[in-house]
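Take a look at the structure below.
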There are 2 protein chains.
Amino acid sequence: MIEGMGQEERRPEGFEKIDPSFQTTVRDHVHRTIRNAIIGGRFATGDKINERGLAEQFGVSTTPVKEALRQLETEGLVEALPRRGVVIRFSSSWAEEMILARAALESMIAHLAAKRIEKPADEELTAIAEMMAKATGSADADSLITLNEKFHEHIHRSSRCGYLAKLIERQQFYDASIRRVIHMDPTEREKALEEHTAIAEAIVSGDADLAERQMRNHVVRSGETYLNIVFGNKKDI
Amino acid sequence: MIEGMGQEERRPEGFEKIDPSFQTTVRDHVHRTIRNAIIGGRFATGDKINERGLAEQFGVSTTPVKEALRQLETEGLVEALPRRGVVIRFSSSWAEEMILARAALESMIAHLAAKRIEKPADEELTAIAEMMAKATGSADADSLITLNEKFHEHIHRSSRCGYLAKLIERQQFYDASIRRVIHMDPTEREKALEEHTAIAEAIVSGDADLAERQMRNHVVRSGETYLNIVFGNKKDI
DNA sequence: ATGTGAGATCTGGTATATCAGATTTCAGAA
DNA sequence: TTCTGAAATCTGATATACCAGATCTCACAT
C-alpha cells in the first residue's frame with residue numbers, strides 16, 4: 001500500500017463539494033436581523049437591549065441572542081457594559097466613520113492589488129470594467145450591483161489579503177435595496193463608471209499609488225451619496 | 001416640584017463615580033487569554049478548537065467560551081464552520097495584514113486629527129512629544145511605552161472618531177513585554193522619536209496629508225520591526 | 001482487498017435553570 | 001418633604017441538559 005494516497009477524492013468533472021457554510025444557524029439569523037435593524041435606523045443610539053425580550057421576539061432561547069450580541073459588540077455597533085447590558089452605538093456619524101474605514105482599507109488593498117496582480121487576473125479586471133460600461137449604458141441596475149461586487153471582490157483576491165478583505169466586509173452598511181436606488185440615478189452611474197474604470201486602469205498598469213488614491217476617492221464619494229440617501233445629511237471629510 | 005431636576009448628583013470635588021467597566025467577566029478573561037495564545041503563536045493555522053475541552057481547561061462552562069469564540073471570530077482570528085467547529089486563522093501573513101490595517105486606519109485618523117484638532121489639544125500633543133524626547137534620551141522604556149499609548153490615544157481623541165479608534169484597538173497584536181524589548185534598542189527609539197515628532201508637527205500645523213503619510217510610514221515601519229521580533233521574517237509591502 | 005452503510009460517538013447549537021449584580025420600590029426615619 | 005436603606009425585581013452572566021449534524025468505527029457484502 002502506498003502511503004498518503006488514500007484520502008484523494010475522485011468525482012466527475014463539474015461537481016463541487018457543497019460548501020457546508022451555506023447552512024445557517026439561529027445565531028446568524030439573529031445577528032443579521034439585529035444588524036440590519038440597527039443600520040436601518042430602527043434603534044436610537046443609547047437604546048438599551050434586553051436579551052430576554054429579544055429572545056422572546058425571535059422565539060428562541062437567549063443563548064444564540066447572546067452570541068449575536070457578542071458579534072455586534074466586536075463589530076462596534078453596540079457597546080456592552082459588564083453586568084449592565086448592551087446599548088446601541090450607531091448614528092450617522094458612526095456610519096460616516098464606517099465609510100472612512102472602508103475607504104482606508106479598500107484603498108490599501110487596491111494599492112497591494114496593483115503591486116501583486118498577475119497574468120490572467122488583470123485582463124479579467126479589465127473585462128469586468130468593460131461589462132460595467134455596458135451595463136451602465138443599458139441602465140441595468142441589478143447587473144451593476146452584481147458587477148460592482150465582482151469588481152471589488154476581484155481586487156480583494158488580486159491583493160491576496162484575506163484579513164483585510166474580511167475587515168472590509170464588516171464596514172458595509174447598506175443593502176441591495178439601497179444600492180438599487182443609487183444605481184437608478186444616471187449621474188451617479190456615470191461617476192461610478194468613470195471611477196471604476198480609472199481604478200481598473202491604475203491597478204492593471206501597476207500604479208499602486210494612483211490606484212490607492214482613486215479607490216479612496218471612489219469609496220468616500222459614493223459613500224457620501226449613500227449617506228445622503230440613508231440619513232439625508234452632509235459633512236466635511 | 002421642578003421637573004427634570006431630580007436625577008442630578010452632587011458629590012464632593014475629586015470623587016469620580018467608579019467605572020463599572022473595570023469589572024471583568026469570565027467571558028472576557030477567556031477571550032483575552034485565547035487571543036493572547038493565538039497571537040503568541042501557541043496555535044497553528046488550521047488547528048481545531050474544542051469548546052468543551054477549552055471550557056474544562058478554564059474550569060468554566062461552555063457558555064462564556066462560546067461567546068469568547070464569537071468575538072474572536074468577528075475579530076478574524078478564528079473561523080467558524082457551522083456545525084463543524086472553529087479553526088485558528090492566524091499566521092505571520094495575517095499579522096502583516098493586521099499591521100497594514102492599522103496603518104490604513106491610523107493614518108486616516110491622523111489625517112482627520114490634523115483637520116480637527118483644537119486649541120488646548122494641540123499644545124498637549126506637542127508636550128507629549130517633548131516628554132517622549134526626554135524619555136528617549138534617558139532610555140526609560142516603561143515611560144516610553146506609556147507615552148506611546150498616550151500619544152496615539154491623544155490623536156484618536158483629537159480626531160473625534162470613536163468608531164475608527166475602536167477598530168484600531170483590535171489590530172493590536174503585541175503586548176507590553178514585546179514592546180519593552182523593542183524600546184530597548186536605541187536605534188529603534190531614535191527612529192520612533194523622529195517619526196512621532198514629525199507626526200505631531202504635521203498635526204499641529206494642520207497639514208493633514210503630511211500627517212497621514214508620516215503616520216502610515218511610522219506604523220508600517222515599526223510594525224515591521226515587531227514582525228521581525230515576533231516571527232523573525234521579512235516581506236515586501 | 002475494497003467499498004458500503006448502520007450504529008456509536010463526538011461536538012457544536014440551542015434551550016432551560018440558576019446565580020448574582022444592578023435597579024427600582026417603598027416604608028419609615030429625620 | 002426629603003433622605004435612607006432593606007426588600008423586591010429585573011436582567012445579564014454562568015452552568016447544565018439536551019438535540020442534531022458530522023465524523024468515526026467496523027462488521028459485512030462484493
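Quick caveat, the model's predicted, so the values are computed rather than measured. First the proteins, then the strands, lettered A, B, ... as listed; each starts at 1.
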Which pairs of donor and acceptor atoms, one on a side chain in residues 57-64 of chain A, lie under 3.5 Å apart (sequence neighbours left out)?
| unit_1 | atom_1 | unit_2 | atom_2 | d |
| --- | --- | --- | --- | --- |
| A:Ser61 | OG | A:Thr63 | N | 3.4 |

Quick one: what's the B/S/- string for nucleotides 10-17 of chain C, heavy-atom cutoff under 4.0 Å, read 5' to 3'? -BBBBBB-
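Legend: residues meeting ring-ring contact (aromatic ring centres under 6.0 Å, His included) with A:Tyr163, ordered by chain and number and at least two apart, are B:Trp94. Listed by chain and residue number, A:Arg157 satisfy the salt bridge (charged side-chain N to carboxylate O under 4.0 Å, His left out) test with A:Glu153 (two or more places apart in sequence, or in another chain). The ring-ring contact (aromatic ring centres under 6.0 Å, His included) test applied to A:His218 returns A:His152, A:His196, not counting sequence neighbours.
For the salt bridge (Lys or Arg N to Asp or Glu O under 4.0 Å) condition, no pair includes a residue of residues 38-48 of chain A, sequence neighbours left out.
A:Leu69 places its CG atom 14 Å from the P atom of D:dT11, with the value rounded to the nearest Å.
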